[in-house]
Amino acid sequence: DAGITQSPRHKVTETGTPVTLRCHQTENHRYMYWYRQDPGHGLRLIHYSYGVKDTDKGEVSDGYSVSRSKTEDFLLTLESATSSQTSVYFCAISEAGTSPYEQFFGPGTRLTVL
Amino acid sequence: AQSVTQLGSHVSVSEGALVLLRCNYSSSVPPYLFWYVQYPNQGLQLLLKYTTGATLVKGINGFEAEFKKSETSFHLTKPSAHMSDAAEYFCAVSVYTGGFKTIFGAGTRLFVKA
């Protein structure tokens with residue numbers, strides 16, 4: 001299995017509080033991604049990174065920010081959590097740049113915003 | 001723009017029966033196509049992928065899929081279902097447009113009856 005961990009695995013928080021989720025990889029892969037998974041929507045890309053300090057927005061980026069100061073870590077921050085951000089969040093990594101290689105997924109973080 | 005449609009959010013088959021999960025895609029450029037499987041409380045794992053070459057691709061656990069450009073389809077099949085195949089399956093399309101982007105379908109949950 002690809003070495004990807006996510007922390008925390010479960011979190012309950014209140015509306016309006018900031019939340020940071022961490023993704024850590026030991027594969028030295030260049031690309032890292034944050035997705036959210038909701039019933040009926042599959043996985044939707046929030047943000048991705050193509051290198052240290054290089055990030056870009058995905059299709060559902062409003063209310064989220066990311067940072068990548070080291071190759072192995074990719075942080076997702078909910079600046080002020082809302083109930084609509086209750087979801088399961090997955091981190092993924094991939095090796096490729098210009099070729100769409102497969103993505104390897106972490107175990108997920110279940111976030112509940114009350 | 002790219003899109004993926006999975007026909008049927010739930011599919012139920014008997015153990016030993018044929019599994020057929022349908023996926024249609026839309027892409028303005030040649031796509032790379034994937035099927036991922038997700039077991040309960042886990043991240044996604046790659047089942048198989050089509051990049052170039054042979055249009056019939058074989059994956060893990062006896063699954064295979066055929067890329068049909070004329071039908072814009074990439075249906076997943078397995079000749080004989082096993083109880084352990086019960087999971088959620090996601091079709092995904094990845095294209096290169098200056099960087100690459102992966103779009104996931106909404107998912108199909110497969111139930112296998114004894």
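Note on naming: letters A, B, ... go to the chains in the order of the sequence lines (proteins, then strands), and numbering restarts at 1 for each one.
Among B/Q42, B/Q45, B/E88, the residue with the largest count of heavy-atom pairs under 4.5 Å with chain A is B/Q42. Among the candidates A/E59, A/R110, A/Q37, A/H41, the residue making the largest number of heavy-atom pairs closer than 4.5 Å to chain B is A/Q37. Ranking B/L46, B/V4, B/N41 against chain A, the residue ahead of the rest is B/L46, based on heavy-atom pairs under 4.5 Å.
Chain A is approached within less than 4.5 Å, heavy atom to heavy atom, by no residue from residues 65-73 of chain B. Along residues 105-114 of chain B, the residues that come nearer than 4.5 angstrom to chain A, judged on non-hydrogen atoms, are B/G105, B/A106 in order of number.
Inter-residue side-chain proximity for A/W34 and A/V66 is flagged as met; some heavy-atom pair is nearer than 4.5 Å. Contact check for B/T102 versus A/L45: no side-chain heavy atoms found under the 4.5 Å cut-off.
Not less than 6.0 angstrom separates the ring centroid of B/F90 from the ring centroid of B/F34. The aromatic ring centres of A/F74 and A/Y33 sit 6.0 Å or more apart.
B/Q6 does not touch chain A: none of its heavy atoms, backbone or side chain, sits under 4.5 Å away. With a 4.5 Å cut-off on non-hydrogen atoms, A/L43 touches chain B through its backbone and its side chain both. In this structure, chain B has no heavy atom under 4.5 Å from any part of A/R44. Within the 4.5 angstrom heavy-atom criterion, only side-chain atoms of A/Y35, from C-beta onward, approach chain B.
The shortest non-hydrogen separation linking A/T15 to A/S83 is OG1-N, 4.3 Å.
For the pair A/D73 (side chain) and A/K70 (backbone), a donor-acceptor distance under 3.5 Å is absent. No donor-acceptor distance shorter than 3.5 angstrom exists from the side chain of B/H75 to the backbone of B/L20, with no hydrogens or angles considered. Listed for the A/T86 side chain is a donor-acceptor partner under 3.5 Å among the backbone atoms of A/V113. Without hydrogens or angle criteria, A/T109 side chain to A/P8 main chain gives a donor-acceptor distance under 3.5 Å. Between the side chain of B/W35 and the backbone N or O of B/F74, at least one donor-acceptor pair lies under 3.5 Å.
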Report task. Check the pair B/V93 / B/F104 against side chain to side chain contact (heavy atoms under 4.5 Å, CB included), numbers first and verdict last. Result -> CA-CA 7 Å; B/V93 59; B/F104 288 84; over 6 Å; no

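Cluster annotation: A/V19 and A/L75 are assigned to distinct hydrophobic clusters (Ile/Leu/Val/Met/Phe/Trp/Tyr, side-chain heavy-atom contacts under 4.5 Å, transitive).
Rounded to the nearest 0.5 angstrom, A/T5 OG1 and A/R22 CZ are separated by 6.0 Å.
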